[in-house]
Amino acid sequence: MVASFPGLLSRGELLDLLHNSTTVSRVHQVHAQLITGALFSDPFVASRLLSTICELSARVPASYADLVFSQSHQPSTFSWNTIIRFHVRASNPNKAVLLFARMRKAGVLTDHYTYPFVLKACALLAGLEEGAAIHGDVLKTGLGEDPFVMNGLISLYCKGGEIAAARKLFDGSRSRDLVSWNSLMAGYVSCGDTAEAGRLFDAMPERDAFSWAILIDGYGKKAGDVSRARDLFDKMPNKDLVCWNSMIDGYVGLGMMRAARELFDVMAERNVISWSILIDGYVKHGDPKEALELFQSMLGQGVRPDVISAVGAISACSQLGALDQGRWIHSYVKKHNILLDVVVETALVDMYMKCGSLDLARLLFDEMPRRSVVTWSVMIVGLGMNGFGCEAVELFYQMERRGATMDDLTFLGVLTACTHARLVCEGREIFDRMRRDFRVEPKVEHYGCLVDLLSRAGRLQEAKEVIETMPGTPTSSLWGSLLAACRTHRCVELAEIAVEKLKKLGADDGGVYVIMSNIYAAEGMWNQVWKMRKLMRERGMKKETGRSVIEVDGSIHEFVYGDSSHPYKEEIYEVLGSCQMQCLEKMVSLIF
DNA sequence: CAAGGAGCAG
């Protein structure tokens, strides 16, 4: 790289070069020049290099920034500020706070640039204790009236939930500006006091796009009062892109996808966030088909997907079981260098699992450079779901040996896997070790798994005891799974108890009586069966409509029981008919 | 000589 420069560059030439550096390789060139020319002793040049690295923080590893910083002799205040800023930008607030402590210890002068960075780091950490100590530091240096420093403090207290402290600073300040108003308003919004945020908004001497966006977001997403948010949105004079996105997100948060879509469709300008909000909204609110279509039209308009929209599209494929499209998105993401971070890869593993492609899931899982708790959990859940309960439990033990942290989802996955594989003893043991060995508090869902595990294995009495002795109130689903097991294990007495409990919980829907009448029928208790049927008729209960979704050659088909609107319905019923005929023929030949 | 605070997607 150095070869591209004949000889050494002068100080001025290096500074010029840095000034125009927008690529990492350019930074490397200058770095090499500094080393060969022993120019690190020039604090200004060294700090300019660091500053350029900081501007490129998204593409530079933290270790490289640290290296350059450590090479500068007696770093200046500016260099310290810059390396702290780098770590705040790179989401290493811990490191930033640590560096600040070292800076103080080294006796380096702090200035009005230092505090906003380090306060931001504290805010990210929600580290009120450190923040308060830095507040004391600020007062000693007499920088408390610098608007940047003060706003940093306000924002710190807001993020830490100390809105009263933030308010006190705000009220006592002589130099508050628009950002101070906005910060405090954001603070009220995030602690749920939208009313006070609204009063601040009305009292503001001037407003900018931030002010509007904070309150639109506050009314919409945070307070769920989307009509007030819309009022504000309509009144806003020069709506910027963020405001549109906030408003759309407000609708999406309440599941009002139609309203969200209407706004989206009339937007003059969209960015990848606008698309992501909507795609993610469709995924979350049960319309994965629409999410995928939107993702495709986003690509069609030349918008490069980011991690959020990619994850949205991938999980839409998981929900639909759309393996072909999922694989296509996987290769698209690889080809276009979309950051394959651990979240995206986990979504892909989940997609392959949900689509039943265990080998592809395993391949990706084994190759992943980093795995999160979610990655492991997804794999465990997937194995269990696909009927590989023993493998799921084995993976759980492997996870334990690696010392990976586990969360409640992990246990939900492994317990469900135990249920499906009838691994009663393992399941029971893992449940008992949850709190003791892994410090994960079992939730109702985990008790649900345990009850399911025991009752399916026929240990109905034991299951009933778990329900009755668990902390908190048992939910209807617990009694529900006991009831379902009573049917397979033909236990009328326990079933009747379960139905009574379900009735008390107001959860005795049609399904409960269907199961109960089936249980009676199996025992030949026909009087009871008729009683159940009559009860259902009286209450106007019906069975839920069955529906299913399938992907064929990349397009999605939905089937609803009794629905005949599918374009290929005649062919479908013909095939179905012939299947039934074949089944009948087979049965007939078996019987005779 | 240089750089900083507030808002939208998971």
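What you see is a predicted model, and the numbers here were worked out from it, not measured in a lab. Scope of the values below: all heavy atoms of this structure, side chains included, with no hydrogens, waters or symmetry mates. Throughout, protein chains are lettered first and strands after them, A, B, ... in sequence-line order, and every chain is numbered starting at 1.
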Nearest-0.5 Å distance that lies between atom SG in A:Cys122 and atom NE2 in A:His135: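 Going from SG on A:Cys122 over to NE2 on A:His135, the span is 12.5 Å.
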Distance in angstrom units between [X] [atom1] and [N] [atom2], rounded:
X        : N      : atom1 : atom2 : result
A:Leu348 : B:dG10 : CG    : P     : 19 Å
A:Phe264 : B:dA9  : CZ    : P     : 16 Å
A:Arg89  : B:dG4  : CZ    : P     : 6 Å
A:Lys120 : B:dA3  : NZ    : C1'   : 14 Å
A:Asn182 : B:dC8  : CG    : P     : 12 Å

Categorize [X] for me: base, sugar-phosphate, or nothing, with a 4.0 angstrom heavy-atom threshold over every strand shown.
X        : value
A:Ser246 : sugar-phosphate
A:Val307 : base
A:Thr82  : nothing
A:Asp146 : base
A:Ile277 : sugar-phosphate

Proximity to DNA chain B (any heavy atom under 4.0 Å), residues of residues 191-206 of chain A only: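 Going residue by residue through residues 191-206 of chain A, none turns out to have a heavy atom under 4.0 Å of DNA chain B.
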Nearest to the side chain of [X] - [options]?
X        : options             : value
A:Lys221 : B:dA9, B:dA3, B:dA6 : B:dA9
A:Ile308 : B:dA9, B:dA6, B:dA3 : B:dA9
A:Ser51  : B:dA6, B:dA3, B:dG4 : B:dA3
A:Lys222 : B:dC8, B:dG4, B:dA9 : B:dC8

A:Arg261 and its side chain to side chain contact (heavy atoms under 4.5 Å, CB included) partner, picked from A:Val266, A:Leu294, A:Ile248: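 Of the listed options, the one satisfying the test is A:Leu294.
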Within 6.0 angstrom of A:Arg89 CZ, more than 12 heavy atoms from elsewhere: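 Enclosed.
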Phosphate contact (B:dG4 OP1 or OP2) by A:Arg85 side-chain N/O below 4.0 Å: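 Yes, within the criterion.
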Under 5.5 Å and under 30°: A:Phe78 stacked on B:dA3: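 Answer is no, no stack.
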A:Ser72 side chain vs A:Pro75 backbone, donor-acceptor pair below 3.5 Å: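 No, the answer is negative, given that no donor and acceptor are paired below the 3.5 Å cut-off.
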